[in-house]
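Below: the structure, in C-alpha cells.
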Amino acid sequence: MPADTKSLGEELCERRMALGMSIDDLAREAHISAAYVRALEERSYHLFPAKIYAQGAVRSIAHIFSRDDAESLMAILNREWPRARGAAD
C-alpha cells in the first residue's frame, strides 16, 4: 500500500514497531503522553483538546523516527483531521 493511502495510525504503528518500540517507549522518548500516542495510532482524534495538540504530538514523534518525517506525517494528519473530528478546528 503506498504511504499516501495509509492512515496516520498505520504509519505511526509501522514505524514504531520497526524501531522495536512499544507505545510507552515512544511516548517516553517523544516526551508526550502514551494516551496521545495511542489516540494517534487509533485515529481517536477526539481525545485531543484541539488540533494543535495533535500536531505537536505528531511533530514530537516524527523527530524520534527521522526529522524528515514531520512534513509527511503532518500532511496525513491534516488530511484526516476534519473527517475524524467533523470540523476543521
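Keep in mind that the numbers below use all heavy atoms, side chains included, and drop hydrogens, waters and symmetry copies. Keep in mind it's a predicted model, so treat the numbers as computed, not measured.
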**Fill in**
The side-chain contact (heavy atoms from CB on, under 4.5 Å) partner of Leu26 among Leu40, Val37, Leu19 is Val37
**Prompt:** To the nearest 0.5 Å, how far apart are CG in Leu8 and CD in Glu80?
**Reply:** 5.5 Å
**Request:** Decide whether Asp25 and Ser22 meet the rule of one side-chain donor and one side-chain acceptor closer than 3.5 Å.
**Result:** yes
**Request:** Quick one: pull up CG in Leu73 and CD in Glu11 and give me the separation to the nearest 0.5 Å.
**Result:** 6.5 Å
**Complete:** Heavy-atom closest pair (Thr5 atom, Glu10 atom, distance to 0.1 Å) is O-OE1, 4.5 Å
**Message:** Are the side chains of Ile61 and Arg16 in contact, using a 4.5 Å heavy-atom criterion?
**Reply:** no
**Request:** Would you check if the side chain of Glu42 reaches a backbone N or O of Gly9 as a donor-acceptor pair within less than 3.5 Å?
**Result:** no
**Prompt:** How many angstroms lie between atom CE of Met17 and atom CD of Glu41, to the nearest 0.5 angstrom?
**Reply:** 9.0 Å
**Item:** Point-to-point distance, once rounded to the nearest 0.5 Å, from CG of Leu12 to OG of Ser7
**Value:** 8.0 Å
**Request:** Could you check Met21 against Arg15 for side-chain contact (heavy atoms from CB on, under 4.5 Å), going step by step and ending with a plain yes or no?
**Result:** CA-CA 9 Å; Met21 299 177 87; Arg15 294 174 192 211; over 6 Å; no
**Request:** Output, in order, the C-alpha distance, side-chain angles, deciding distance and verdict of side-chain contact (heavy atoms from CB on, under 4.5 Å) for Tyr53 and Tyr45.
**Result:** CA-CA 10 Å; Tyr53 290 89; Tyr45 300 133; over 6 Å; no
**Prompt:** Which heavy atom in Ala27 sits nearest to a heavy atom in Ser33, and how many Å separate them?
**Reply:** CB-C, 3.9 Å
**Asked** Hey, are the side chains of Leu77 and Gln55 touching, using non-hydrogen atoms and a 4.5 Å cut-off?
**Response** yes
**Prompt:** Which heavy atom of Met74 sits nearest a heavy atom of Arg59, and at what distance?
**Reply:** CE-NH2, 3.7 Å
**Gap separating the OG atom of Ser60 from the OH atom of Tyr36, nearest 0.5 angstrom** = 11.5 Å
**Request:** Would you name the heavy atoms of Phe48 and Ala39 that are closest together and state the gap between them?
**Result:** CE1-CB, 3.8 Å
